[in-house]
Trainee: 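Take a look at the following structure, please.
First listed ligand is number 1; within each ligand, the first listed atom is number 1.
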Amino acid sequence: MSLPPLQQFGFARENTNIQSFGSGLINHTWLIESSNKKYILQRINQKVFTNPSAIDENIQAIARYLQQNYPGYCFTVPLRSIHNESLVKTGGDFFRLFNFIESSHSYDTVQHPQLAYEAAKQFGKFTNLLSGFDALLLKITIPDFHNLTLRYRQFEEAISHAAEERIYKAGDLVETLKANRNIVSEYEHIQHNPFFKIRVTHHDTKISNVLFDINNKGICVIDLDTVMPGYFISDVGDMMRTYLSAAGEEETDLSAINIREDYFDAIVHGYLSEMQDELTSEETNAFVYAGKFMIYMQALRFLADFLNNDIYYGAKYELHNYNRAANQIALLNALMEKEDVLHSRVDSFLNKTRVIAW
Ligand code: GN1
Ligand code: MG
């Protein structure tokens, strides 16, 4: 791994302070402070993003569109190097630099429904502002990223290649995931349903990808590497996956995993405050399914990685990805137990807003 190319971004070593930043599993991020200004520097993980220029081109295309149509929207575009590059290649690694948005902060966990509301509103707003932008113009930065059929196939391949101890250990979790294969079939129906639209989709809607101002109002979304054409279930589902439970995906005490209904309401209200007119009724009917889709996919991905000896997510300890998969399965079960209640909460929100609209 090469060191951050500070000189190429015009930083002098003497008055520049650099430290690791954030909690992402894929890219490495640093906070840079230089001449009383803060910046974010990132090294792109090329095992995951095999074509870093595709990310850069997507960000530039979206930036141009937003600049023309919504110039007031705060959109984080990479800064230029001294050689006028938005992506700097050094020693085989790619780096990019962003301004740190002044007076902004982010969260790693969602500790108040109001934060979930603000975040959901920001992700809804992002897709909504880009509803006039042809999503199919975007480059595919990770092919089949949220293709559940493929994720299931990769899980089956991982089972067939896994070491004996790991397959033995994973046995119960493998069976539970196989028993829920109907979640894949439902996705396949969605793909053939013309009422499900392809839109500009963020694909990584965890709370740490939203910037908040000092009053905890959402400013904008960040981490645009996986912005690609997609279905709304990816974004809503990943919010459900990461905001609903008081305990996050690293929690190993499974009894701490729960579904907080007030946080669910916050996601529904926040997202639909921006997206209600965009979504078809077939899509709003799949609101709860979105959570099942993303939680199930993440369980498949963590367990497949455990079976593949942790090559994708890495592991801080031996059973790390096994535990993460068990966590996601507990979350899936908790969500499925409340499916009917959650459905009726979406319906009652839609009924209320319809009355107001009349
Ligand atoms: C990865 O690196 P991070 O935390 O932004 C992953 C997501 C997973 C998430 C699970 C490109 O995101 O899809 O949901 O880990 N990103 C990629 O924590 O694989
Ligand atoms: Mg990410």
Side-chain angles (χ1 to χ4, degrees), residues 20-30 40-52 54-56 58-59 76 94 96 98 106-110 119 123 126 138-148 150-152 154-155 158 187 201-211 221-231 233-245 247-252 257 290-306 308 310-316 320-332 335:
S20 281
F21 187 76
S23 56
L25 300 181
I26 305 294
N27 295 328
H28 195 96
T29 305
W30 292 269
I40 290 291
L41 181 73
Q42 271 195 321
R43 180 177 60 214
I44 297 179
N45 180 333
Q46 281 182 84
K47 278 200 203 127
V48 173
F49 296 103
T50 50
N51 181 6
I55 301 176
D56 200 47
N58 285 348
I59 295 180
T76 48
F94 285 89
R96 72 271 171 88
F98 300 94
S106 60
Y107 293 93
D108 280 334
T109 53
V110 196
F123 285 112
F126 179 68
L138 294 173
K139 299 266 158 63
I140 304 300
T141 58
I142 304 182
D144 291 309
F145 187 43
H146 283 186
N147 177 346
L148 193 57
L150 179 85
R151 293 297 184 187
Y152 194 85
Q154 289 173 333
F155 162 70
Y187 164 71
T201 305
H202 186 282
H203 289 109
D204 190 8
T205 56
K206 59 179 68 146
I207 196 86
S208 56
N209 286 336
V210 179
L211 296 183
V221 302
I222 54 170
D223 189 0
L224 304 164
D225 304 340
T226 51
V227 172
M228 285 182 276
Y231 294 115
I233 54 172
S234 285
D235 283 1
V236 162
D238 206 39
M239 288 192 263
M240 288 169 66
R241 187 182 82 76
T242 53
Y243 306 173
L244 291 185
S245 172
E249 71 186 14
E250 297 292 335
E251 179 63 62
T252 53
I257 294 170
K292 285 166 48 177
F293 167 76
M294 281 307 298
I295 298 167
Y296 183 69
M297 182 175 347
Q298 195 62 56
L300 289 174
R301 293 177 66 192
F302 281 146
L303 199 57
D305 201 37
F306 173 70
N308 289 332
D310 315 308
I311 44 170
Y312 189 85
Y313 287 111
K316 297 214 168 89
H320 200 164
N321 285 309
Y322 170 88
N323 284 340
R324 286 163 163 164
N327 168 306
Q328 294 294 290
I329 289 173
L331 183 62
L332 180 65
L335 182 77

Trainee: Return a yes/no value for Gln298: is any of its N or O atoms, backbone included, closer than 3.5 angstrom to an N or O of ligand 1?
Mentor: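 Indeed, backbone or side chain, Gln298 has an N or O that close.
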
Trainee: Is it the side chain (CB and beyond), the backbone, both or neither of Asn209 that lies under 4.0 Å from ligand 1, heavy atoms counted?
Mentor: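 Contact part for Asn209 vs ligand 1: neither.
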
Trainee: Glu249 heavy atoms, cut-off 4.0 Å: which ligand 1 atoms fall inside?
Mentor: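 With Glu249 as reference, the close atoms of ligand 1 come out as 10 (C), 18 (O).
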
Trainee: Is a side-chain donor or acceptor of Asn147 paired with a backbone partner of Leu150 at a separation under 3.5 angstrom?
Mentor: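 It does hold such a pair.
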
Trainee: Show which atoms of ligand 1 fall inside a sub-4.0 Å distance from at least one heavy-atom site of Val48.
Mentor: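 Checking each atom against Val48, I get 11 (C).
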
Trainee: So which bit of His203 gets within less than 4.0 Å of ligand 1, heavy atoms only: side chain, backbone, both or neither?
Mentor: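 It is neither part, as no heavy atom is under 4.0 Å.
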
Trainee: Indicate yes or no: does an N/O atom of Lys206 lie under 3.5 Å from an N/O atom of ligand 1?
Mentor: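 Indeed, backbone or side chain, Lys206 has an N or O that close.
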
Trainee: Consider every N or O of Ile142 and every N or O of ligand 1, then say whether any pair is closer than 3.5 Å.
Mentor: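 Between Ile142 and ligand 1, no N or O pair is found under 3.5 Å apart.
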
Trainee: So if I count the atoms of ligand 1 from 1 in the order they appear, which ones are less than 4.0 Å from some heavy atom of Tyr313?
Mentor: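 Listed by number with element: 8 (C), 15 (O).
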
Trainee: Of the choices Phe302, Phe49, Tyr312, which has the non-hydrogen atom that lies closest to atom 17 (C) of ligand 1?
Mentor: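 Among Phe302, Phe49, Tyr312, the closest heavy atom to atom 17 (C) of ligand 1 belongs to Tyr312.
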
Trainee: Is Asp238 in polar range of ligand 1, meaning some N or O pair under 3.5 Å apart?
Mentor: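 By distance alone, the answer is no.
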
Trainee: Does the distance from a Lys or Arg side-chain N to an Asp or Glu carboxylate O, for Arg324 and Asp310, drop under 4.0 Å?
Mentor: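 A salt bridge is absent here (no side-chain N lies under 4.0 Å from a carboxylate O).
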
Trainee: Using the ring of each side chain (for Trp, its six-membered ring), is Phe123 parallel, tilted or perpendicular to His202, with breaks at 30° and 60°?
Mentor: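 Phe123 and His202: perpendicular rings.
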
Trainee: When Val48 is tested against each of Thr141, Thr226, Asp225, Ile142 for side-chain contact (heavy atoms from CB on, under 4.5 Å), which residue passes?
Mentor: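 Going through Thr141, Thr226, Asp225, Ile142 one by one, the side-chain contact (heavy atoms from CB on, under 4.5 Å) with Val48 is satisfied by Ile142 alone.
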
Trainee: Can you tell me how far CD1 of Ile295 sits from CG of Leu300, rounded to the nearest 0.5 angstrom?
Mentor: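 So the CG of Leu300 and the CD1 of Ile295 are separated by 12.0 Å.
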
Trainee: Applying a strict 4.0 Å limit to heavy atoms, is Arg324 in contact with ligand 1?
Mentor: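 No, that is not the case, since the closest heavy atom of the residue is not under 4.0 Å from the ligand.
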
Trainee: Check whether the side chains of Asp305 and Asn321 place a donor and an acceptor atom closer than 3.5 Å, and report yes or no.
Mentor: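 Looking only at side-chain atoms, Asn321 and Asp305 do form a donor-acceptor pair, the distance falling under 3.5 Å.
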
Trainee: Are side-chain N/O atoms of Gln328 and Arg241 paired as donor and acceptor at under 3.5 Å?
Mentor: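 Short answer, yes.
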
Trainee: Please list, in number order, the atoms of ligand 1 under 4.0 Å from a heavy atom of Ile26.
Mentor: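 Answer, ordered by atom number: 1 (C), 2 (O), 11 (C), 16 (N), 17 (C), 19 (O).
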
Trainee: Would you call the rings of Tyr296 and Tyr152 parallel, tilted or perpendicular, where under 30° means parallel and over 60° means perpendicular?
Mentor: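 Aromatic pair Tyr296/Tyr152 classed parallel.
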
Trainee: With a heavy-atom distance limit of 4.0 Å, tell me whether Asn27 approaches ligand 1 through its side chain, its backbone, both, or neither.
Mentor: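 Neither part.
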
Trainee: Kindly confirm or rule out an N or O of His146 lying under 3.5 angstrom from an N or O of ligand 1.
Mentor: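 N/O-N/O distance below 3.5 Å does not exist for this pair.
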
Trainee: For Asp223, take its heavy atoms, then give the atoms of ligand 1 lying under 4.0 Å from any of them.
Mentor: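 It comes down to these atoms of ligand 1: 5 (O).
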
Trainee: When rounded to the nearest 0.5 angstrom, what is the spacing between CD in Gln154 and CZ in Arg301?
Mentor: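 Between Gln154 CD and Arg301 CZ, I get 8.5 Å after rounding to 0.5 Å.
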
Trainee: At under 4.0 Å between heavy atoms, is it the side chain or the backbone of Met297 that contacts ligand 1, or both, or neither?
Mentor: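 It is neither part, as no heavy atom is under 4.0 Å.
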
Trainee: Any donor-acceptor pair under 3.5 Å linking the side chain of Asn45 with the backbone of Ile26?
Mentor: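 Confirmed, Asn45 side chain pairs with Ile26 backbone.
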
